[in-house]
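Ligands are counted one by one from 1 in listed order, and the atoms in each one are counted from 1 as well.
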Amino acid sequence: MEFKQGDRVRIEKDGTVYEGRVMPSTEGHIIIKMNSGYNAGFSVDKVKITLLEKNGEITNGDRNGKSQNGGKEDKAAEEEMPEPGKKLPKVTILSTGGTIASKIDYRTGAVTSQFTADDVLAAIPELKEIADFKGRVISSTLSENMDPETWQTLAHAAVEEIKAGADGIIITHGTDTMMYTAAALSFMIDTPVPIALVGSQRSADRPSSDNAMNMICAALVAISDIAEVSVVMHGTTSDDFCEIHRGTKVRKMHTSRRDAFKSINFLPIGVVDYNTGEIKTSIDYIRRGERSLKFKPGMEPKCALIKFTPGADPEILDYYINSGYRGLVLEGTGLGHVSTKWIPMIRKATDAKIPVIVTSQCLNGRICDRVYDTGRDMLKAGAIEGEDILPETALVKLMWVLGQTDEFDEAIEMLSEDLGGEITERTLK
Ligand code: ASP
């Protein structure tokens, strides 16, 4: 007897019961969408399957089923199964909230963060075949509520887990501000093991949710030899591969698409093929064990990222200078410009030992303030060219640098150097 897509089934595995509708599955495997909205996948020969409802009729009976699909990826999927008794790598999931941990609250109609790492593990059983997981809750919040203090709590937890023997770390995180957290961790931790941030654009109870695929790809990165802080998210709108982005070079570039994350001014470190589990890298990266663990916490939150717009009042800068801000990032136009009216304020800031970094609203390309008079005058006023750094990364770097030193000259020197892959000599892409 065979099951078909759309049938409702009960699956028992290792004493746990899962119920849901059969999704498109390859031969020998069954994927169901559970009531929680999460997808769960199983090898049919390892579970007991009970048919509950077939094409709308309520049925009973036990059997092991076969899917109707071709099963081309079957071999690869089987190759990923651990040998019995084989020791799996240890991965810690640090959960912070976001859509990946959310479902619709039918009382309010809003998406809220409700799942912990343990819930995610229970809902995606394939994960248990990739690594030996441990879950730890850091926060349960949408990422718009993240702040530099929470970045440090998170970094501290990741370091503790690495010291305790974790072979890799996964951080489940809201997508909105994931790039800020990824940059913060990149500056704070020299990691000897992978630290993969992952999120989802659609909550688990939506049919098009990207949570399970992103999570599985992140798990594969966590056990790989890419010992960097990375963001692992859908590479296209299909369920074909995830991209692995360097934590200081990535940005959310779309409000809702599943492939919203892009590496800017750089190539992704590589891709994870969702069907085969294979990782292909495209640039040089820091390998597992290549460096020893170093933790450099400290963040100065009184820094601001200010977008220049035509006609904007220079008094805006004066506000920050007079309110105790310790560093400013300007998101200028084109090659990195602000109105000439702003230049005396840049001078005022740097005279007050407040570093000013210039980045571009273009995002793509490199700052060059040597071409036009405005740029040259900005440099004379003490502004630093941000090279090809992203504005958000520049802000996080500034916070971190000012959390490390009170010396203005040392801060300027650190801000001008590449510290975590945020400035590249040659812009790839
Ligand atoms: N606002 C949510 C967050 O960043 C969106 C998401 O997770 O995708 O937490």
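- Note: Y180 and W151 have parallel aromatic rings, judged against thresholds of 30 and 60 degrees for the angle between ring planes.
- Ligand 1 lies within reach of S200, whose nearest heavy atom is under 4.0 Å from it.
- Not less than 6.0 angstrom separates the ring centroid of F308 from the ring centroid of H337.
- The two residues P268 and I283 make their nearest non-hydrogen contact at O-CG1, 4.0 Å.
- Checked against a 3.5 angstrom limit, the closest N/O atoms of E144 and ligand 1 fall inside it.
- Taking only nitrogen or oxygen atoms, main chain and side chain alike, H173 does not reach within less than 3.5 Å of ligand 1.
- Remark: minimum distance from atom 6 (C) of ligand 1 to any protein heavy atom is reached at T99 OG1, 2.8 Å.
- For ligand 1, the atoms sitting less than 4.0 Å from at least one non-hydrogen atom of G98 are 7 (O), 9 (O), numbered in the order shown with element in parentheses.
- For the side chain to side chain contact (heavy atoms under 4.5 Å, CB included) criterion with L398, the lone passing option out of V396, L402, V401 is L402.
- Of the polar atoms of T175, at least one N or O is found under 3.5 Å from an N or O of ligand 1, judged by distance alone.
- When side chains are defined from C-beta on, T405 counts as touching M414, because their heavy atoms get closer than 4.5 Å.
- If you check which protein heavy atom lies closest to atom 4 (O) of ligand 1, you get S143 OG, 2.6 Å.
- Of the possible polar contacts, none joining the N214 side chain to the S200 backbone as a donor-acceptor pair under 3.5 Å is found.
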